[in-house]
Amino acid sequence: MEGVDPFQDVHLLRAQNQSNFEQIIYTARTMPFRIMFAILENAGQLLDSESWANTVSGNEEDYSNWLTRFAKNGQENFIKILMES
């Protein structure tokens, strides 16, 4: 673990110290929520007709709308909460 400062990268240190059983439990606990937020984000991209029209017309923009932002922020924040517990 050379070059890793445990005070700067606490999550890496925690991950390296987990047993296989703890990693499986963490994955099982977070996977349903990751899938739910990923589905919401993809649905937001698919249902964003304005961005599709901009892409077809050549005025490409990112596929960000309220649903995709909600899903991305929700996933990041929810995973942080689960990591702290």
Side-chain angles (χ1 to χ4, degrees):
M1 210 165 81
E2 290 183 29
V4 175
D5 184 359
F7 296 108
Q8 290 183 351
D9 204 348
V10 176
H11 297 299
L12 177 62
L13 184 62
R14 286 179 62 195
Q16 290 174 340
N17 289 330
Q18 282 183 339
S19 68
N20 288 337
F21 179 73
E22 289 172 324
Q23 290 178 11
I24 291 170
I25 294 298
Y26 173 77
T27 301
R29 196 172 68 174
T30 60
M31 190 59 61
F33 299 102
R34 290 178 186 262
I35 291 170
M36 178 187 69
F37 286 119
I39 289 171
L40 285 174
E41 186 176 2
N42 288 329
Q45 291 173 349
L46 289 172
L47 298 174
D48 192 359
S49 57
E50 183 180 350
S51 289
W52 284 99
N54 286 337
T55 301
V56 170
S57 67
N59 300 324
E60 293 185 31
E61 296 180 6
D62 65 308
Y63 290 110
S64 180
N65 58 36
W66 67 272
L67 186 56
T68 58
R69 286 190 298 273
F70 167 78
K72 185 171 285 297
N73 291 334
Q75 182 177 13
E76 291 170 0
N77 294 332
F78 193 78
I79 298 304
K80 285 180 187 176
I81 290 169
L82 283 178
M83 288 177 68
E84 293 174 359
S85 61

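It should be emphasised that the depicted structure is a prediction, and the values quoted were computed from it without experimental measurement.
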Return the [atom1] to [atom2] distance between [X] and [Y], rounded to the nearest 0.5 Å.
| X | Y | atom1 | atom2 | result |
| --- | --- | --- | --- | --- |
| Arg34 | Phe78 | CZ | CZ | 10.5 Å |
| Thr30 | Ile25 | OG1 | CD1 | 11.0 Å |
| Arg69 | Glu41 | CZ | CD | 11.5 Å |
| Lys72 | Asn77 | NZ | CG | 12.0 Å |

ILVMFWY network linking Ile39 to Phe33, side-chain heavy atoms under 4.5 angstrom
no
Taking Leu40 as the starting point, is it possible to reach Met31 by hopping between hydrophobic residues whose side chains are less than 4.5 Å apart?
no
Heavy atoms only: give me the nearest Phe37-Ala71 pair and the separation to one decimal.
O-CB, 3.3 Å
All heavy atoms of Ala28 vs all of Pro32, minimum pair found to be O-CD, 3.3 Å
Counting distance only, does the side-chain N/O of Asn65 pair as donor-acceptor with the main-chain N or O of Asp48 below 3.5 Å?
no
Taking Ser19's backbone N and O only, do any of them form a donor-acceptor pair with Glu22's side chain (distance below 3.5 Å, no angle check)?
yes
